[in-house]
Amino acid sequence: DPLLSGELAGAWIRGVQGQGVAASLKHYAANNQERRRYSVDALIDERALRELYLATWERAVLTGRPWTVMCGYNRVNGSYCAEHRELLTTILREEWGFDGVVMSDWGAVDDRVEALAAGLELEMPGFGQDSDVLLARAVTEGRLAEAALDRAAGRLLALVDRTAGAREAPGAYDVDAHHA
């Protein structure tokens, strides 16, 4: 039930983030199977996508305002979720007003340059200098706007600011009493 699941997700997100911890709403979108999840292509018409697959997400984003969204491994109508401009930018950001960080699941990015251009800020686990070199080369060659890098960096820094208040001194406990 998209209404019920969206309301529950929104409440959960607000509860987690009320403690200064970023909630990660995942796996966006149409991630319906584990088998062949790296290669499956969910072919979904616009009406079914909006009314069935995205309705929960929309409600959760609008009511919960998550600070992060994690995309799926799968493709939707031919494009990997991590590189799907319509899902990440048009729908999630422009229509629903999401202002947080979009991250990939472990190894879900096929093309880092395309993913960043589509609206994915954080590649997990990240490939360090290899990704940095790819992105720098793409900017130099005119395949990626420098503004896209600036936007991604700004969103990551905003996430750091949002969660900075949650830092607490480590708690203490009595090891012997705990053991007993």
Side-chain angles (χ1 to χ4, degrees), residues 13 17 21-46 48-50 53-54 56-58 60-62 64-164:
I13 291 163
Q17 291 181 172
V21 176
S24 184
L25 191 57
K26 64 181 203 173
H27 287 102
Y28 181 66
N31 180 66
N32 295 329
Q33 66 185 55
E34 287 299 303
R35 185 171 181 272
R36 294 184 51 233
R37 69 181 179 174
Y38 293 100
S39 60
V40 70
D41 188 359
L43 302 175
I44 308 166
D45 69 41
E46 182 72 16
L49 184 65
R50 293 291 186 149
Y53 293 93
L54 296 182
T56 295
W57 287 90
E58 181 178 17
V61 168
L62 293 175
R65 305 314 250 166
W67 296 343
T68 73
V69 166
M70 181 182 284
C71 66
Y73 292 98
N74 57 297
R75 294 177 197 221
V76 175
N77 296 329
S79 297
Y80 283 109
C81 288
E83 301 158 16
H84 205 299
R85 181 180 303 277
E86 182 182 359
L87 288 174
L88 301 183
T89 298
T90 304
I91 295 171
L92 183 63
R93 293 196 185 282
E94 294 172 4
E95 290 182 22
W96 300 345
F98 177 72
D99 66 352
V101 168
V102 176
M103 67 178 76
S104 74
D105 205 337
W106 240 238
V109 175
D110 184 60
D111 182 325
R112 181 64 181 117
V113 173
E114 191 67 30
L116 192 129
L120 184 119
E121 285 81 33
L122 182 59
E123 177 185 21
M124 296 301 288
F127 294 97
Q129 282 187 307
D130 291 343
S131 283
D132 297 345
V133 169
L134 285 173
L135 294 173
R137 186 179 304 136
V139 169
T140 302
E141 294 171 355
R143 294 182 292 118
L144 180 68
E146 189 173 344
L149 283 173
D150 292 343
R151 257 190 322 273
R155 289 178 179 141
L156 289 164
L157 290 172
L159 179 61
V160 170
D161 286 344
R162 284 175 160 167
T163 58

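On a predicted model such as this, the values are computed, not experimentally measured, just so you know.
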Check side-chain hydrogen bond (donor to acceptor under 3.5 Å, both in side chains) between [X] and all other residues, then give those that pass, not counting sequence neighbours.
{"X": "Y28", "result": "none"}
{"X": "S79", "result": "none"}
{"X": "R75", "result": "Y80"}
{"X": "R137", "result": "none"}

Return each pair, listed once, that meets salt bridge (Lys or Arg N to Asp or Glu O under 4.0 Å) where at least one residue sits in [range]; pairs must be two or more places apart or across chains.
{"range": "residues 80-90", "result": "none"}
{"range": "residues 142-153", "result": "E141-R143"}
{"range": "residues 97-107", "result": "D99-R162"}

Check: residues 107-118 side-chain donor-acceptor pairs under 3.5 Å, at least two apart:
from, atom 1, to, atom 2, distance (Å)
D111, OD1, V113, N, 3.1
D111, OD1, E114, N, 2.9
R112, NH1, L120, O, 3.3
R112, NH2, E121, O, 2.9

Using the ring of each side chain (for Trp, its six-membered ring), is Y73 parallel, tilted or perpendicular to Y38, with breaks at 30° and 60°? perpendicular
For E95, salt bridge (Lys or Arg N to Asp or Glu O under 4.0 Å) partners two or more places apart: R50
Could you tell me which residues satisfy side chain to side chain contact (heavy atoms under 4.5 Å, CB included) with R36, sequence neighbours excluded, listed by chain and number? Q33, S39
Residues which pass side chain to side chain contact (heavy atoms under 4.5 Å, CB included) with A29, listed by chain and number, not counting sequence neighbours: L54, L87
Y53: which residues meet the ring-ring contact (aromatic ring centres under 6.0 Å, His included) condition with it, sequence neighbours left out? none
